[in-house]
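Contents: one structure, followed by commentary.
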Amino acid sequence: MEKLVQSFIAAANAFDVEGALSLFAADAVIDDVSVGDAFVGRDGVRRYLERFFVGYNTVSKLLSIEKLDSVHSDVRLDFTGDFGHEIGILKIANNATGLIERIDADLE
């Protein structure tokens, strides 16, 4: 899971939307309580990345990963960008092929 998270952070920090999308299952969901919306499928994930990462010039720094089981981890990230500074929590689930199938996101 750590390699998957590191790859996601690297792609997002480079504003490489296609690279980040390649880490997600086709039916992935990002449910972000802090923005009050869920983003479904690759099109939804693309909109999320373009709006909240590229659009706000977001740079993420990994603070911690807590592996809960073979497919679930809680990740803390330090986010900076045009919005200022926030600490985020990502509850990430990957599928059997190692792709991200769900992220439940919120801010501390």
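Q6 approaches L62 most closely through the heavy-atom pair NE2-CD2, 3.4 Å. Across L77 and S60, no two heavy atoms sit closer than the pair CD1-CB, 4.5 Å. Nearest heavy atom pair, residue L49 against residue A20, reads CD1-CB, 3.7 Å. F53 and F15 make their closest contact through O-CE2, 3.3 Å (heavy atoms, listed as atom of the first residue, atom of the second, distance).
Between the side chain of T58 and the backbone N or O of F52 there is at least one donor-acceptor pair closer than 3.5 Å.
Side-chain atoms of I92 and V5, non-hydrogen and from C-beta on, do get closer than 4.5 Å to each other. Residues I65 and D74 form no side-chain contact, since every pair of their non-hydrogen atoms from C-beta on lies 4.5 Å or further apart. Taking the side chain as every heavy atom from C-beta outward, L107 and I89 never approach each other to under 4.5 Å.
Expressed to the nearest 0.5 Å, how far CG of L63 lies from CG of D78 amounts to 5.5 Å. Rounding to the nearest 0.5 Å gives a distance of 8.0 Å between NE2 of H72 and CE of M1. Rounding to the nearest 0.5 Å places OG of S70 at 7.5 Å from CG of N94. For the atom pair CD (E86) and CZ (F79), the distance works out to 9.5 Å, reported to the nearest 0.5 Å.
By the rule that hydrophobic residues join a cluster once side-chain heavy atoms approach within less than 4.5 Å of another member, L23 and V59 end up as members of separate clusters. Linking ILVMFWY residues whenever their side-chain heavy atoms come closer than 4.5 Å, directly or via other members, leaves V33 and L90 in distinct clusters. The same ILVMFWY cluster, assembled from side-chain heavy atoms under 4.5 Å apart, contains both V35 and I30.
D32 is linked by a side chain to side chain donor-acceptor pair (under 3.5 Å) to S34, Y48, counting only residues two or more places apart in sequence or in another chain. Not a single side chain to side chain donor-acceptor pair (under 3.5 Å) links K61 to another residue, sequence neighbours left out. For T97, the side chain to side chain donor-acceptor pair (under 3.5 Å) test picks out N95, with sequence neighbours left out.
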Criterion side-chain contact (heavy atoms from CB on, under 4.5 Å) on V17 and E50, from CA distance to verdict:
CA-CA 7 Å; V17 173; E50 289 174 348; 4.0 Å; yes
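The aromatic ring centroids of F24 and F8 lie less than 6.0 Å from each other.
For residues 7-30, the pairs satisfying side-chain hydrogen bond (donor to acceptor under 3.5 Å, both in side chains) are E18-R46, with sequence neighbours left out. Applying the salt bridge (Lys or Arg N to Asp or Glu O under 4.0 Å) definition to pairs two or more places apart or across chains, those involving residues 99-108 are D31-R102, R76-E108, R102-D104.
Residue F83 places its CZ atom among more than 12 non-hydrogen atoms of other residues, nucleotides or ligands, all under 6.0 Å distant.
Side-chain contacts under 4.5 Å among hydrophobic residues (ILVMFWY), followed directly or transitively, place V29 together with V40.
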